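Both counts, for ligands and for their atoms, begin at 1 and track the order of listing. Fair warning: this is a prediction, and the values are worked out from it, not measured in the lab.
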Amino acid sequence: MIGVTFEEGLQEQAATLALQLDLSLVDDPARFQYGLRLTPQGLDIVDLHKKQRPIRVDFHQLNEDRSGGDLIKAVNTRMHKTVLDATGGLGRDAFMLAKAGCQVILMEKNPIIHALLQDGLARAQDLEAVQRMTLIHADSLIAMPDYTPEVIYLDPMYPARKKDALPKLEMQVFHALLGAEQNEQELLQVALNQARKRVVVKRPIHAPVILPTGLQFKGKTTRFDVYLK
Ligand SMILES: C[S@@+](CC[C@H](N)C(=O)[O-])C[C@H]1O[C@@H](n2cnc3c(N)ncnc32)[C@H](O)[C@@H]1O
C-alpha cells in the first residue's frame, strides 16, 4: 500500500529508510497506492496514481499561519509552559503551542508519521519554536506514565466524515496508515492521571464528548474540551 520512492541520487538513503521502516522500495507502482518519497528537500507522502499535493511537515510554512487561537486559549499558554502532545500527528498543533512559548513533548507511535515529523523538525531547527519541541517515537498509552507535564493535549483520530476539515490526501493516508483504531477513552484516562493542571482534547464539533466537561472552546469545525485537575 505504501512504499519508499526517491529522487535521483538518493537511492542509498532510500534503501536505508525502507529497511528502518520495514517498507519495500517501489519497484512496480501498480502494487502501491502511496509513496514515502525521499527528495533533496526532505520526506513527503505522495499518491502514486493521482495528482495531489504531497503531505509533508513544513514548519516554516506553518510559522506564517496565524490560526490556533482556540487551542492557545484551551491550553492557556500564558499560565502553562509544559505540554505533552500525546498524539503528535504532523505536529501542527504542537508547533502552535511551541510558538506560543510552551516546551512541547510530542509522542507519535506510527513509524511513518514519526519519520515525517522527525524530518520536518530536522529541517526547521532555525525556528525558535522548533527548539522547544521534543519528539518521542512511542505509544503514549505506554510512555505517558513517565511524564507529569502541566498540560496533556490529545487529538485522537476520529472516524472520517465527508465534511471533515483535513485535506483529502492527508485524510486518506491517515486512515490507510492508522486504520479505524479508537483509543480515545484510554488516552484520556491515562492523561487525566498524569497532567498536573489540565487535559485538552480536540474533537470535531459534532462529536460526542469522551467525558462530560463544563469547559469547551468551540470553533466552526472543531472544539476543544478541557478537563481541569
Ligand atoms: C489526528 S492525528 C493528530 C494531528 C496533530 N494534532 C496535528 O496537529 O498534526 C492523530 C495522531 O495520533 C497518533 N496516535 C494515536 N494514538 C496514539 C498513541 N497511543 N500514541 C502515540 N500516538 C498516537 C496517530 O498515529 C496520529 O498520527
Side-chain angles (χ1 to χ4, degrees), residues 2 21 34 36 43-45 55-59 61-63 65 67-72 74-75 77 83-100 102 104-121 124 129-130 133-147 149 151-161 164-195 199-205 207 210 217 219 221-225:
I2 184 163
L21 296 176
Y34 305 110
L36 179 64
L43 205 56
D44 59 21
I45 294 182
I55 302 172
R56 66 194 282 114
V57 175
D58 186 344
F59 291 117
Q61 191 179 26
L62 268 183
N63 202 29
D65 190 343
S67 62
D70 285 339
L71 169 65
I72 302 295
V75 169
T77 56
V83 181
L84 168 54
D85 178 346
T87 53
L90 298 178
R92 276 181 295 231
D93 294 329
F95 180 75
M96 292 303 169
L97 294 170
K99 216 167 101 173
C102 301
V104 186
I105 292 175
L106 299 89
M107 289 179 184
E108 173 54 51
K109 71 171 179 182
N110 182 276
I112 298 174
I113 297 175
H114 172 265
L116 284 180
L117 250 182
Q118 194 174 39
D119 173 69
L121 288 170
V130 168
M133 296 166 73
T134 306
L135 174 62
I136 297 177
H137 184 199
D139 181 337
S140 29
L141 287 174
I142 296 166
M144 242 191 302
D146 291 338
Y147 295 82
V151 180
I152 295 185
Y153 174 66
L154 302 173
D155 176 13
M157 294 295 292
Y158 193 77
R161 286 193 346 154
D164 279 350
L166 285 177
K168 215 166 147 243
L169 177 61
E170 192 171 314
M171 191 155 72
Q172 289 166 12
V173 169
F174 263 69
H175 284 275
L177 290 181
L178 308 168
E181 186 198 38
Q182 294 286 291
N183 58 6
E184 55 197 31
Q185 301 274 353
E186 296 96 314
L187 281 171
L188 181 53
Q189 279 312 329
V190 180
L192 285 169
N193 284 337
Q194 297 306 123
V199 176
V200 176
V201 184
K202 185 180 191 176
R203 306 282 283 164
I205 195 82
I210 305 174
F217 294 83
T221 55
T222 50
R223 178 185 93 220
F224 295 93
D225 296 342

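- With a heavy-atom cut-off of 4.0 Å, Leu177 does not touch ligand 1 at all.
- Residue contact check: Leu178 has heavy atoms under 4.0 Å from atoms 24 (C), 25 (O), 26 (C) of ligand 1.
- Listed by atom number, the atoms of ligand 1 under 4.0 Å from Ile113 heavy atoms are 27 (O).
- Every heavy atom of Phe95 sits 4.0 Å or more from the atoms of ligand 1.
- Some N or O of Leu90 is nearer than 3.5 Å to an N or O of ligand 1, by distance alone.
- When the options Asp155, Asn183, Leu154 are ranked by their closest heavy atom to atom 16 (N) of ligand 1, first place goes to Asn183.
- Looking at Gln194, its side chain does come within 3.5 Å of a backbone N or O of Tyr147 through a donor-acceptor pair.
- Of all atoms in ligand 1, listed by their number and element, those nearer than 4.0 Å to a heavy atom of Gly91 are 7 (C), 9 (O).
- Within the 4.0 Å heavy-atom cutoff, Gly88 counts among the residues contacting ligand 1.
- Closest approach of Ile45 and Val173 over heavy atoms only: CD1-CG1, 3.9 Å.
- Taking the six-membered ring where tryptophan is involved, the planes of Tyr153 and Phe224 are tilted, since the angle between them lies from 30° to 60°.
- The proximity of Asp85 to ligand 1, defined as any non-hydrogen pair under 4.0 Å, does not occur for either the backbone or the side chain.
- Of the possible polar contacts, none joining the Arg56 side chain to the Asp119 backbone as a donor-acceptor pair under 3.5 Å is found.
- Any N or O atom pair closer than 3.5 Å counts here, and Asp139 shares at least one such pair with ligand 1.
- With hydrogens and angles ignored, the 3.5 Å screen pairs no side-chain donor or acceptor of Lys109 with any backbone N or O of Ser140.
- Remark: the backbone N or O of Met107 is not paired with any side-chain donor or acceptor of His137 at under 3.5 angstrom.
- The side-chain heavy atoms of Leu116 and Leu36, taken from C-beta on, include a pair separated by under 4.5 Å.
- A side chain to side chain contact (heavy atoms under 4.5 Å, CB included) with Phe59 holds for exactly one of Lys99, Arg92, Met133; it is Met133.
- For the atom pair CG (Leu84) and CG (Leu154), the distance works out to 8.5 Å, reported to the nearest 0.5 Å.
- The closest approach between Ala138 and ligand 1 falls below 4.0 Å for a heavy atom of the residue.
- With a 4.0 Å cut-off on non-hydrogen atoms, Asp93 touches ligand 1 through its backbone as well as its side chain.
- The residue among Lys109, Met157, Met96, Glu108 with a heavy atom at the shortest distance from atom 24 (C) of ligand 1 is Glu108.
- For ligand 1, the atoms closer than 4.0 angstrom to any heavy atom of Phe174 are 2 (S), 26 (C), 27 (O).
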